[in-house]
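A short write-up of the structure that comes next.
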Amino acid sequence: MATDCSQPALDSKWKQGFRRKLLAWFAKHERDLPWRKSRDPYRVWVSEIMLQQTQVETVIPYFERFVKIYPTVEKLAAAEESEVLRLWEGLGYYRRARSLHAAARRIVTEHDGKFPRNVAKLKDLPGIGRYTAGAIASIAFNQRVPILEANTIRLLARLLAYPDDTSKSTGQRILWATAEELLPSTEISSFNQALMELGSLVCTPLNPLCDKCPVARHCHAFLAGLQHKIPASPSKVKSTPLREAAIVVRKKNHVLLRQCDQGERWAGLWDFVRFEISSSEPRLLQRELKQKTRELSGVSIGSASPITTIKHSVTRYRITLDGYQTDYVSGTINQTGALQRWVSIKKLSEYPLSSTGRKLAKLISC
DNA sequence: AATACGGGGAC
DNA sequence: GTCCCAGTATT
């Protein structure tokens, strides 16, 4: 099946012109990005996972360091998960790192260290969905399969002048069908990358550079003057404020760390004792800190003195995190629930911490 | 179909 | 402050 019949076929000459213009533009404007130095599927894969919901400029230093330390899928498979998370620290969406590591082990054991070339087998690996499977298959193996992600959603929505919410299933179906219909018969790797590159550099969210766009004459939004209205902004969930406390419990030159459980935020990473707080009045707050620290960790603490306040966001939550320091008084760490450990301050650098955990760690070590 | 999952860049 | 980012997995 070449096309989705729910989508009216695009004119053949129009498609040819689009492909030709796009590829010519890409030949001239392709950025020199580190994951484009080769089409090694391993490097393509690592870059695609890092790039999920993460901007190119942010990924570059992480990618360089990662492939230097793990140059092959075998090296990655042989690593400890915590080492992988340590390299991922600060990049966010840590499940990506855990899935990447798990997938590396499966590629080595189930596929003899070779990447599956077809989309179905790629999608079967953890952390690889429809986009990433298409990206690896097309970019690394030049297979004729479509991709659809942030850049191309915007680009294709404008190209069609698609007026509705592109995140809904109808919009997704239409845009995937369009991405497939536009595919040339050769040069798929360049074509798919060119779509993303044009979306990223020219067909930008705000103030698209239509006068620099090689396919402006193909673009129904541009031709109708609707490029600023399309794509429609999706309905957004409003954020919820949250107050939390992080307690650095000190025992001589050690501090108490806890490894976040599966199913909670920062799964697999380590953090200081951390919980939501409700009290405002100082006396009550001290009681709450002691009580919740005891509940969560098993240890009793003295009075907690503030270190700093960090404001940050996690998905839809706007968190105000108060960091405290206090001395261990008594008790032993819980053996049930999440793994906990007394860690010497010197060794904090070896542990993968959340971004806020790392900020607190830097503050106490000096 | 909706929601959880991080953190930072750009304006 | 807000919006956005080379999405995926789970509910």
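Naming convention: chains lettered A, B, ... in sequence-line order (proteins, then strands); numbering from 1 in each chain.
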query = Any side chain to side chain donor-acceptor pair (under 3.5 Å) pairs touching residues 218-244 of chain A, not counting sequence neighbours?
reply = A:T240-A:R316, A:E244-A:R265, A:E244-A:R274
ask   = Where does the chain A footprint on DNA chain C start and end, counting 5' to 3' with a 4.0 Å heavy-atom cut-off?
value = C:dC3 to C:dA9
All N/O pairs under 3.5 Å across the protein-nucleotides 9-11 of chain B interface:
| residue | atom | partner | partner atom | Å |
| --- | --- | --- | --- | --- |
| B:dG9 | O4' | A:Q55 | NE2 | 3.4 |

Counting only pairs under 3.5 Å, give me each side-chain donor-acceptor contact of residues 44-51 of chain A, with atom names and distances, residues two or more places apart or in other chains.
| residue | atom | partner | partner atom | Å |
| --- | --- | --- | --- | --- |
| A:S47 | OG | A:R43 | O | 3.3 |
| A:S47 | OG | A:V44 | O | 2.8 |
| A:E48 | OE1 | A:Y131 | OH | 2.7 |

ask   = What residues in residues 314-322 of chain A put a non-hydrogen atom under 4.0 Å from any atom of DNA chain B?
value = A:V314, A:T315, A:R316, A:Y317
Other ILVMFWY residues reachable from A:L223 by side-chain steps of under 4.5 Å = A:F222
request  = Taking only heavy atoms on the protein side, list every residue of residues 238-248 of chain A lying under 4.0 Å from any atom of DNA chain C, sorted numerically.
outcome  = none
request  = Using heavy atoms to find the nearest nucleotide of DNA chain C for A:P126 and A:Q193 separately, return the residue whose nucleotide is more 5′.
outcome  = A:Q193
message = Applying ring pair (Phe, Tyr, Trp, His ring centres under 6.0 Å), can you list everything that pairs with A:W25, at least two apart in sequence or on another chain?
response = A:H29
request  = List in numerical order all residues of residues 265-277 of chain A for which some heavy atom is under 4.0 Å away from an atom belonging to DNA chain B.
outcome  = A:R265, A:W266
note = With sequence neighbours left out, the residues meeting salt bridge (Lys or Arg N to Asp or Glu O under 4.0 Å) with A:R31 are A:E197
For A:E57, salt bridge (Lys or Arg N to Asp or Glu O under 4.0 Å) partners two or more places apart = none
key: Strand contacts (DNA chain C) in residues 31-43 of chain A, 4.0 angstrom heavy-atom criterion   = A:L33, A:W35, A:R36
